[in-house]
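Report on the structure given below.
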Amino acid sequence: MKALATEPVAPREDRPVTRLLHDEPNARVVCFQLLAGQRVAEHRSASTVLVQVLEGEGIFRGEDGERRLAAGEAAVFAPGETHAIDAPDGPLRFLAVIAPGPV
């Protein structure tokens with residue numbers, strides 16, 4: 001077993017902050033910390049991306065529309081699906097589990 005870091009990532013005003021928590025061919029786990037007004041720009045992944053909100057709430061956009069998710073809620077983006085994340089109202093901290101891990 002490998003215990004993953006649980007403390008929040010120190011935020012930065014100039015960009016969203018990430019912390020790589022786990023990385024292997026089968027899965028990558030990344031913690032994101034966004035301040036109010038920050039976003040993860042629209043992009044695609046060849047892998048399935050599961051996001052789990054840890055703190056705050058944000059707007060998660062996929063090809064089928066958008067949904068506001070709060071702490072405790074999760075969503076999945078299919079392989080190849082264009083997606084983006086916004087933190088319009090305040091800090092947002094979430095995990096992204098990317099499987100299989102990107103090459």
Side-chain angles (χ1 to χ4, degrees):
M1 178 179 80
K2 175 183 177 182
L4 302 181
T6 58
E7 64 276 355
V9 181
R12 288 181 52 165
E13 298 215 7
D14 60 326
R15 66 173 178 81
V17 173
T18 61
R19 173 182 283 159
L20 182 61
L21 300 177
H22 180 74
D23 197 17
E24 64 175 61
N26 293 323
R28 177 179 286 174
V29 181
V30 183
C31 184
F32 287 80
Q33 175 84 30
L34 283 69
L35 296 173
Q38 290 182 333
R39 71 184 323 245
V40 174
E42 188 173 274
H43 64 286
R44 293 177 191 262
S45 172
S47 303
T48 297
V49 179
L50 168 84
V51 292
Q52 171 75 48
V53 179
L54 302 173
E55 293 179 16
E57 59 180 56
I59 298 172
F60 292 75
R61 291 182 175 83
E63 292 178 1
D64 292 336
E66 66 182 46
R67 180 155 179 215
R68 184 176 283 268
L69 298 177
E73 296 182 306
V76 176
F77 298 105
E81 181 177 359
T82 300
H83 56 282
I85 297 110
D86 291 288
D89 305 320
L92 169 65
R93 190 163 65 106
F94 66 94
L95 290 179
V97 179
I98 304 156
V103 259

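Just so you know, these numbers come straight off a predicted model, no measurement behind them.
Between P79 and A46, the closest heavy-atom pair is CB-O, 3.3 Å. In terms of heavy-atom proximity, P25 sits nearest to P100 at O-CB, 3.6 Å. Nearest heavy atoms, P88 versus I59: CG-CD1, 3.8 Å. Pairing each heavy atom of P16 with each of L34, the nearest pair is CB-CG, 3.8 Å. Of all non-hydrogen atoms in S45 and H83, the two that sit nearest each other are N-CE1, 4.2 Å. Taking every heavy atom of both residues into account, S47 and A99 meet most closely at CB-O, 3.4 Å.
In this structure, Q38 CD and Q33 CD are separated by 8.5 Å, a value rounded to the nearest 0.5 Å. Remark: I98 CD1 to D23 CG distance equals 8.5 Å, nearest 0.5 Å. Interatomic distance, NE2 of H43 versus CD of E81, reported as 10.5 Å (0.5 Å rounding).
Under the 3.5 Å distance criterion, the side-chain polar atoms of R44 are matched with a main-chain donor or acceptor of G80. With hydrogens and angles ignored, the 3.5 Å screen pairs no side-chain donor or acceptor of E42 with any backbone N or O of A84.
The only option from D64, T48, T82, V51 that meets the side-chain contact (heavy atoms from CB on, under 4.5 Å) definition with F77 turns out to be V51.
Taking Ile, Leu, Val, Met, Phe, Trp and Tyr as hydrophobic and joining them when side-chain heavy atoms fall under 4.5 Å apart, one finds L35 isolated, its cluster having no other members. Connectivity analysis of hydrophobic side chains (ILVMFWY, heavy atoms under 4.5 Å, direct or indirect) links V97 to L4, L21, V29, L50, L54, V76, L95.
Around the CZ atom of R68, the shell of radius 6.0 Å holds more than 12 heavy atoms that belong to other residues, nucleotides or ligands. At most 12 heavy atoms of other shown residues, nucleotides or ligands fall within 6.0 angstrom of atom CD in E13.
When side chains are defined from C-beta on, P91 does not count as touching E55, because their heavy atoms never get closer than 4.5 Å.
Sorted by first and then second residue, the ring pair (Phe, Tyr, Trp, His ring centres under 6.0 Å) pairs involving residues 6-36 (not counting sequence neighbours) are F32-F94.
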